[in-house]
A.B. asks: 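Below you will find the structure I want to go over with you.
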Amino acid sequence: MDITILGIESSCDDTSAAVLRNNVLLSNVIASQAVHMKYGGVIPELASRAHQQNIIPVVDTALREAGIAPNKLDAIAFTRGPGLLGSLMVGVSFTKGLALAHDIPLVEVNHLRGHILSHFIDLPDRTMPHPGFPFLCLLVSGGHTQIVRVDSPRDMRILGTTIDDAAGEAFDKCAKVMGLPYPGGPVIDRLAAEGAPGAFRLARPRVEGYDYSFSGLKTSFLYLLRDRMAEDPAFIEARKADLCASLQHTIVEILLDKLVRASKDTGIRDIAVAGGVSANSGLRDGIVRTGLKRGWRTFLPPLKFTTDNAAMIAMAGYYNYLHGDFAGLDTAPTARIEGF
Ligand code: KG4
Ligand code: ZN
């Protein structure tokens with residue numbers, strides 16, 4: 001029997017709605033919020049207000065593009081957390097209202113699981129390669145950096161996580177001190193293509209196990225800028241591409257180093273990457289190249305599923321639905337969710 005699920009995502013600064021039939025994408029609408037650009041970062045209160053403005057047209061468009069009337073939905077899946085509380089609140093409240101009005105079951109989704117399960121979405125005209133179980137997923141976003149062991153769609157374990165900044169945060173903060181617009185990750189990616197990755201040496205963390213740390217790298221980057229700007233105020237402008245290339249190269253090496261170790265120790269060679277930073281061309285190249293050397297099957301998400309989107313929420317919701325894991329109307333959003 002076909003299951004049609006509407007997914008709703010509002011955990012940060014993208015309002016998104018998507019419809020999936022089983023694991024096939026029927027629509028995926030994303031309204032990105034431009035309001036934060038001039039502040040150089042997401043302002044939570046402005047994000048909540050923008051979600052309120054966007055959510056009705058976004059859901060409406062997603063349903064229309066999919067050709068589905070709301071009363072034909074089998075369930076609505078929503079992001080319960082982690083994320084910004086006010087932003088989550090908008091999505092959760094709207095979802096409850098829609099579910100109540102049409103008597104549709106609710107399914108809650110952990111945003112991080114959503115990113116990982118984006119690897120199981122198929123396009124209407126194309127079956128995508130899906131990782132086999134167990135696989136390791138490098139989950140790299142603006143708020144998280146984790147190596148996750150995935151034994152089944154609902155059975156995941158975090159092997160390593162960042163003890164301070166996330167990889168995306170390292171990109172964004174370093175971009176900010178160079179005067180680049182927010183979010184800095186994609187801008188650094190673009191500029192890095194013109195620069196030399198070995199131009200500057202930056203600090204590498206020494207952290208136990210599979211955990212990550214990016215705050216030392218960030219500090220060494222700041223000191224480098226401070227020292228060189230003191231000698232030459234035009235330094236950043238003159239060496240922007242080299243700075244971006246060196247930073248990106250270092251972040252990718254740090255990420256891959258632990259991922260390789262986790263693969264060696266567990267013997268798992270199906271390796272996926274997910275989250276906003278998985279759009280990074282240096283990381284994508286690096287994983288593919290490492291994978292070829294080590295006999296991995298590597299899985300890169302299509303670019304549209306790397307940053308926040310509701311298709312991945314509907315996908316994760318589908319697996320919860322199959323397990324009869326429904327949410328009540330009293331479900332509250334949570335800013336933090338420990339583990340999975
Ligand atoms: O997954 P996501 O959309 O939101 C969170 O759940 O955090 O990830 C957003 C992060 C931002 O830090 C952004 O700079 C980063 O993903 N990002 C990139 C690229 N595209 C997005 N970082 C590096 N290179 C990119 N091409
Ligand atoms: Zn995300």
Side-chain angles (χ1 to χ4, degrees), residues 7-16 18 28 30-33 36-37 40-42 44 47 51 78-84 87-88 91 109-119 137-146 148 161-162 165-178 180-193 195 197 212 214 217-218 244-255 272-287 300-313 315-316 335-337 340:
I8 294 183
E9 155 65 31
S10 71
S11 66
C12 190
D13 60 343
D14 295 301
T15 320
S16 180
N28 185 33
I30 304 174
S32 294
Q33 304 178 356
H36 309 290
M37 292 255 306
V42 177
H51 282 303
F78 64 95
T79 304
R80 184 179 176 203
L84 301 170
S87 292
L88 290 165
V109 169
N110 176 321
H111 179 85
L112 301 176
R113 285 180 179 251
H115 273 300
I116 293 172
L117 294 171
S118 64
H119 281 283
C137 186
L138 175 66
L139 173 57
V140 272
S141 71
H144 294 83
T145 304
Q146 296 172 335
V148 182
T161 189
T162 180
D165 289 355
E169 220 174 332
F171 272 110
D172 295 342
K173 286 179 176 169
C174 291
K176 193 169 182 174
V177 294
M178 285 191 284
L180 301 175
Y182 177 87
V187 185
I188 290 184
D189 193 353
R190 212 164 47 239
L191 290 169
Y212 288 110
F214 288 98
L217 166 67
K218 185 183 63 188
C244 290
S246 302
L247 180 68
Q248 177 165 302
H249 177 73
T250 311
I251 292 176
V252 170
E253 278 201 343
I254 294 170
L255 289 171
V273 58
V277 181
S278 68
N280 184 266
S281 55
L283 180 59
R284 291 172 87 93
D285 283 357
I287 288 199
L300 306 176
L303 286 179
K304 66 177 169 192
F305 296 147
T306 56
T307 47
D308 290 346
N309 65 87
M312 68 186 198
I313 302 304
M315 188 68 254
R336 289 179 157 273
I337 297 179
F340 275 64

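Whatever order the structure lists ligands and atoms in, that order sets their numbers, starting from 1. These numbers come from the heavy atoms of this one structure, side chains and all, not from hydrogens, waters or symmetry mates.
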A.B. asks: Of all the heavy-atom pairs spanning Val277 and Ala167, show the shortest one and how long it is.
C.D. replies: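 Heavy-atom minimum between the residues: CG2-C, 4.3 Å.
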A.B. asks: Can you tell me the protein heavy atom closest to atom 22 (N) of ligand 1 and the distance?
C.D. replies: Gly185 CA, 3.3 Å
A.B. asks: Within ligand 1, which atoms have a heavy atom of His115 less than 4.0 Å away?
C.D. replies: 1 (O), 6 (O)
A.B. asks: Is there side-chain contact between Tyr182 and Val42, with at least one heavy-atom pair below 4.5 Å?
C.D. replies: yes
A.B. asks: Would you name the heavy atoms of Ser11 and Asp308 that are closest together and state the gap between them?
C.D. replies: OG-OD2, 4.1 Å
A.B. asks: Any idea which atoms of ligand 1 are less than 4.0 Å away from a heavy-atom of Gly143?
C.D. replies: 7 (O)
A.B. asks: What protein heavy atom sits nearest atom 26 (N) of ligand 1, and how far off is it?
C.D. replies: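 Going by distance alone, atom 26 (N) of ligand 1 is nearest to Asp189 OD2, 2.9 Å.
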A.B. asks: Which heavy atom in Tyr212 sits nearest to a heavy atom in Leu255, and how many Å separate them?
C.D. replies: OH-O, 2.7 Å
A.B. asks: Between His111 and His115, how do the two ring planes meet: parallel, tilted or perpendicular, split at 30° and 60°?
C.D. replies: perpendicular
A.B. asks: With side chain to side chain contact (heavy atoms under 4.5 Å, CB included) as the test, would you mind laying out the steps for Leu138 and Leu283 before giving the verdict?
C.D. replies: CA-CA 11 Å; Leu138 175 66; Leu283 180 59; 4.3 Å; yes
A.B. asks: Could you check which of Ala170, Ala175, Gly276 puts a non-hydrogen atom nearest to atom 1 (O) of ligand 1?
C.D. replies: Gly276
A.B. asks: Are any of the side-chain heavy atoms of Met315 and Ser118 separated by less than 4.5 Å?
C.D. replies: no
A.B. asks: Looking only at protein heavy atoms, identify the closest one to atom 7 (O) of ligand 1 and say how far it is in Å.
C.D. replies: Gly142 N, 2.8 Å
A.B. asks: Is it the side chain (CB and beyond), the backbone, both or neither of Gln248 that lies under 4.0 Å from ligand 1, heavy atoms counted?
C.D. replies: neither
A.B. asks: Go through ligand 1 atom by atom and flag the ones less than 4.0 Å from a non-hydrogen atom of His111.
C.D. replies: 6 (O)
A.B. asks: Counting only nitrogen or oxygen atoms and a 3.5 angstrom limit, does Asn280 reach ligand 1?
C.D. replies: yes
A.B. asks: Checking contacts here: is it the side chain or the backbone of His144 that comes within 4.0 Å of ligand 1, counting heavy atoms only? Could be both or neither.
C.D. replies: neither
A.B. asks: Under a plain distance cut-off of 3.5 Å, with no hydrogens placed, do Ser281 and Asp189 share a side-chain donor-acceptor pair?
C.D. replies: yes
A.B. asks: What is the closest protein heavy atom to atom 13 (C) of ligand 1, and at what distance does it sit?
C.D. replies: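 Of every protein heavy atom, Asp172 OD1, 3.8 Å lies nearest to atom 13 (C) of ligand 1.
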A.B. asks: Would you check whether Gly275 has a nitrogen or oxygen atom less than 3.5 angstrom from a nitrogen or oxygen atom of ligand 1?
C.D. replies: no
A.B. asks: Strictly under 4.0 Å, does any heavy atom of Cys12 approach an atom of ligand 1?
C.D. replies: no
A.B. asks: What protein heavy atom sits nearest atom 3 (O) of ligand 1, and how far away is it?
C.D. replies: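 The closest one turns out to be Asp308 N, 3.1 Å.
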A.B. asks: For Ser141, take its heavy atoms, then give the atoms of ligand 1 lying under 4.0 Å from any of them.
C.D. replies: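 The atoms of ligand 1 under 4.0 Å from a heavy atom of Ser141 are 1 (O), 5 (C), 6 (O), 7 (O), 8 (O).
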A.B. asks: Enumerate the atoms of ligand 1 whose separation from the nearest heavy atom of Ala279 is less than 4.0 angstrom.
C.D. replies: 20 (N), 26 (N)
A.B. asks: Going by heavy atoms in the side chains, are Gln248 and Pro197 under 4.5 Å from each other?
C.D. replies: no
A.B. asks: Looking only at heavy atoms of Arg190, does any of them come nearer than 4.0 Å to an atom of ligand 1?
C.D. replies: no
A.B. asks: I want to know if ligand 1 touches Pro183 in the polar sense, i.e. an N/O pair below 3.5 angstrom.
C.D. replies: no
A.B. asks: What pair of heavy atoms forms the shortest contact from Leu112 to Gln146, and how long is it?
C.D. replies: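 Smallest interatomic distance, heavy atoms only, reads CD1-OE1, 4.1 Å.
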A.B. asks: Near Thr307, which atoms of ligand 1 are under 4.0 Å from a heavy atom of that residue?
C.D. replies: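 Near Thr307, meaning under 4.0 Å from one of its heavy atoms, ligand 1 has 3 (O).
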A.B. asks: Suppose I only count heavy atoms of Gly168 and a 4.0 Å limit; which atoms of ligand 1 are within that range?
C.D. replies: 12 (O)
A.B. asks: Can you tell me if His111 has an N, O or S atom under 2.8 Å away from the Zn ion (ligand 2)?
C.D. replies: yes
A.B. asks: Knowing that exactly one of Val252, Leu191, Ile188 qualifies, which makes a side-chain contact (heavy atoms from CB on, under 4.5 Å) with Leu247?
C.D. replies: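 Between Leu247 and the candidates, side-chain contact (heavy atoms from CB on, under 4.5 Å) is satisfied uniquely by Ile188.
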A.B. asks: Is it true that the side chains of His51 and Thr15 contain a donor and an acceptor less than 3.5 Å apart?
C.D. replies: yes
A.B. asks: The Zn ion (ligand 2) as vertex, arms to NE2 of His115 and OD1 of Asp308: angle to 10°?
C.D. replies: 90°
A.B. asks: Grab the two heavy atoms, one from Ala166 and one from Gly143, that are nearest each other, plus how far apart they are.
C.D. replies: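 For Ala166 and Gly143, the tightest heavy-atom pair comes out as CB-C, 3.5 Å.
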